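Please read all numbers here as calculations on a predicted model, not as lab measurements.
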Amino acid sequence: MLLFVISFAALCTAAARPPLSYLENHFTADNESEEVRSAAIKRLLEVFGMEDPPAIHRHKQPPQYMLDLYNTVADVDGVTKDPYLLEGNTVRSFFDKLRSEQVEFRFNLSTVARTEKILTAELHLFKLQPLAPLTFNRHHFCQVSVYQLLDTSKNNKTQDKKLLSSRLIPVHSAGWEVFTITQAVRSWMIDEGSNMGLHVVVRTLGGSQMDQKLIRFASGRNHHQSKQPMLVLFTDDGRRRSTSLENPNDTTAISSLPQAPMSGPSSRSTRSLDYSEEEGVSLPCQRLPLYVDFEEIGWSGWIVSPRGYNAYHCKGSCPFPLGQNMRPTNHATVQSIINALKLIKGIEKPCCVPDKLFSINLLYFDDAENVVLKQYNDMVAGSCGCH
């Protein structure tokens with residue numbers, strides 16, 4: 001884990017091309033070949049599900065919904081609170097591209113990989129306060145229906161739209177209304193050319209057209225970005241689930257081993273200490289801090305949250321006999337005995353490695369300025385043991 005995170009920091013600097021930093025100096029001093037560097041950068045980007053680092057969007061503001069969702073599923077360091085809170089491992093948000101005066105919307109889904117499984121798709125519309133006085137309004141509820149617009153030129157279709165979602169909402173209310181449109185998005189992913197957009201119709205309970213002064217939804221053209229129509233996709237990119245699905249807030253497992261003090265961005269000197277070499281003693285297997293700072297590696301321009309995270313690493317000896325506080329596997333215990341008795345030549349002592357790993361969450365801008373929330377598995381060493 002230690003080697004991975006150090007490589008993570010150095011390689012991302014090369015990928016994002018920030019101003020010269022100590023990480024780039026480290027690469028220059030090592031005189032690593034361009035071939036090895038390019039291959040390593042490519043592999044690192046694959047770990048994060050990217051071909052290239054996204055463009056930088058320093059002045060863009062992410063939707064409040066995505067910020068709230070991130071804070072729900074992740075702690076202050078980005079570590080997943082509960083792996084079952086989020087449906088799938090990716091949430092994507094898209095703003096309306098039509099920006100029409102009519103209640104029609106279209107979303108560009110070209111950044112969604114065809115391999116991603118669409119789990120749920122939601123249309124988020126912000127309902128504004130009625131313009132007409134409510135005292136003279138006899139309507140208290142209205143029927144809001146969302147239709148998928150169809151391309152009638154294909155397959156001799158006679159219908160120009162298809163009902164996706166319909167429900168009653170109070171006329172006097174204001175705020176976000178959410179409609180499920182999963183069926184439409186799945187069809188668009190199969191045939192991108194079939195994406196003709198969405199159409200929203202508002203009627204009275206009697207079926208007649210509703211007065212637009214009573215029911216209004218914010219549009220991308222005339223209203224603040226915080227109220228713009230938005231499509232939210234919950235998807236799964238097919239990556240394996242984390243090898244450890246325990247709750248990271250459960251400290252019972254990690255309290256049995258010695259723990260070094262927590263480390264944040266301001267204590268880099270503490271993070272870099274080699275405890276055993278400095279003190280001249282061999283410390284038992286333990287978890288030590290290893291903070292990854294996204295600003296230092298040149299990723300802060302497109303990552304919204306977190307600014308960095310503590311990946312931790314495992315270090316220390318696994319001396320014979322292995323106690324239960326070392327969290328040894330049965331295999332490690334047998335290996336320790338064989339090593340101590342020197343029964344077989346070349347058998348080393350067990351190693352101190354992570355035995356519990358947690359996922360982290362990144363909230364970031366993609367190349368199309370869409371905000372994405374994504375979980376990455378096995379990024380934090382939750383505890384260490386002798387294996």
Looking only at the side chains, is there a donor atom on one of [X] and [Y] sitting less than 3.5 Å from an acceptor on the other?
| X | Y | result |
| --- | --- | --- |
| Ser359 | Asn377 | no |
| Glu295 | Ser300 | no |
| Gln148 | Ser194 | no |
| Glu87 | Thr120 | yes |
| Thr115 | Asp237 | no |

So [Y] and [X], do their side chains get closer than 4.5 Å, heavy atoms only?
| X | Y | answer |
| --- | --- | --- |
| Val200 | Phe105 | yes |
| Lys127 | Ser173 | yes |
| Arg167 | Glu177 | yes |
| Leu149 | Lys161 | yes |
| Glu122 | Met230 | no |
| Met379 | Tyr309 | yes |
| Met66 | Leu363 | yes |
| Pro284 | Met326 | yes |

**OP:** Determine, stepwise, if the pair Met189 / Val112 fulfils side chain to side chain contact (heavy atoms under 4.5 Å, CB included).
**Re:** CA-CA 8 Å; Met189 293 303 298; Val112 183; 3.7 Å; yes
Distance in Å, [X] [atom1] paired with [Y] [atom2], rounded so as to fall on 0.5 Å steps:
| X | Y | atom1 | atom2 | result |
| --- | --- | --- | --- | --- |
| Leu198 | Ile181 | CG | CD1 | 4.5 Å |
| Gln64 | Leu69 | CD | CG | 11.5 Å |
| His124 | Asp96 | NE2 | CG | 14.0 Å |
| Leu343 | Ile338 | CG | CD1 | 4.5 Å |
| Tyr364 | Ser305 | OH | OG | 14.0 Å |
| Leu123 | Phe217 | CG | CZ | 9.0 Å |

Joint hydrophobic cluster, [X] plus [Y], side-chain heavy atoms closer than 4.5 Å:
| X | Y | value |
| --- | --- | --- |
| Val371 | Leu67 | yes |
| Ile360 | Val76 | no |
| Leu85 | Val91 | yes |
| Tyr376 | Val380 | yes |
| Leu119 | Val73 | no |

Closest approach of [X] and [Y], non-hydrogen atoms and distance?
| X | Y | answer |
| --- | --- | --- |
| Cys142 | Val171 | N-CG2, 4.0 Å |
| Lys162 | Gln183 | NZ-NE2, 2.7 Å |
| Leu322 | Ala332 | CD1-O, 3.7 Å |
| Cys384 | His313 | SG-O, 4.3 Å |
| Tyr147 | Arg203 | OH-NH1, 3.8 Å |
| Phe107 | Pro229 | CE2-O, 4.1 Å |

Counting N and O atoms only, with roles assigned by atom type, does the side chain of [X] sit under 3.5 Å from a partner on the main chain of [Y], one being a donor and the other an acceptor?
| X | Y | result |
| --- | --- | --- |
| Asn370 | Asp366 | no |
| Ser165 | Phe179 | no |
| Arg327 | Cys386 | no |
| Arg92 | Phe234 | no |
| Thr182 | Ala121 | yes |
| Asn310 | Leu290 | yes |

**OP:** Could you please spell out the steps behind the side chain to side chain donor-acceptor pair (under 3.5 Å) verdict for Thr204 and Gln143?
**Re:** CA-CA 6 Å; Thr204 66; Gln143 185 86 29; over 6 Å; no
Subject >> Verdict with supporting geometry, Arg114 and Glu192, side chain to side chain contact (heavy atoms under 4.5 Å, CB included) >> reply: CA-CA 10 Å; Arg114 289 189 175 272; Glu192 185 178 350; 4.2 Å; yes
Original post:
Should we say atom CG of Asp68 is surrounded by more than 12 heavy atoms from elsewhere, each under 6.0 Å from it?
Top reply: yes
Subject >> From CA spacing to verdict: disulfide bond (SG atoms under 2.5 Å apart), Cys285, Cys352 >> reply: CA-CA 5 Å; Cys285 179; Cys352 179; 2.1 Å; yes
Subject >> Arg307 to Phe294 six-membered ring, cation-pi geometry met (6.0 Å, 45°) >> reply: no
Subject >> Stepwise ring-ring contact (aromatic ring centres under 6.0 Å, His included) test for Trp302 and Phe365 >> reply: CA-CA 5 Å; Trp302 53 273; Phe365 287 98; 9.8 Å; no
Original post:
After noting the C-alpha distance and the side-chain angles of Leu288 and Tyr312, does the key distance pass the side chain to side chain contact (heavy atoms under 4.5 Å, CB included) rule?
Top reply: CA-CA 5 Å; Leu288 300 176; Tyr312 294 99; over 6 Å; no
**OP:** May I have all residue pairs that pass side chain to side chain donor-acceptor pair (under 3.5 Å) and include part of residues 335-354, sequence neighbours excluded?
**Re:** none
Original post:
After noting the C-alpha distance and the side-chain angles of Thr80 and Asn361, does the key distance pass the side chain to side chain donor-acceptor pair (under 3.5 Å) rule?
Top reply: CA-CA 6 Å; Thr80 304; Asn361 299 265; 2.9 Å; yes
**OP:** Run the numbers on Thr90 and Glu116 for side chain to side chain donor-acceptor pair (under 3.5 Å), then give the verdict.
**Re:** CA-CA 9 Å; Thr90 307; Glu116 283 190 43; 4.8 Å; no
Original post:
Among Val185, Asp191, Ile190, which one satisfies side-chain contact (heavy atoms from CB on, under 4.5 Å) with Trp188?
Top reply: Val185
Original post:
Should the pair Lys81-Asp75 be classified as a salt bridge under the 4.0 Å nitrogen-to-oxygen rule?
Top reply: no
Subject >> Candidate pair Leu125 and Trp176, rule side chain to side chain contact (heavy atoms under 4.5 Å, CB included), full reasoning >> reply: CA-CA 6 Å; Leu125 299 177; Trp176 287 102; 5.5 Å; no
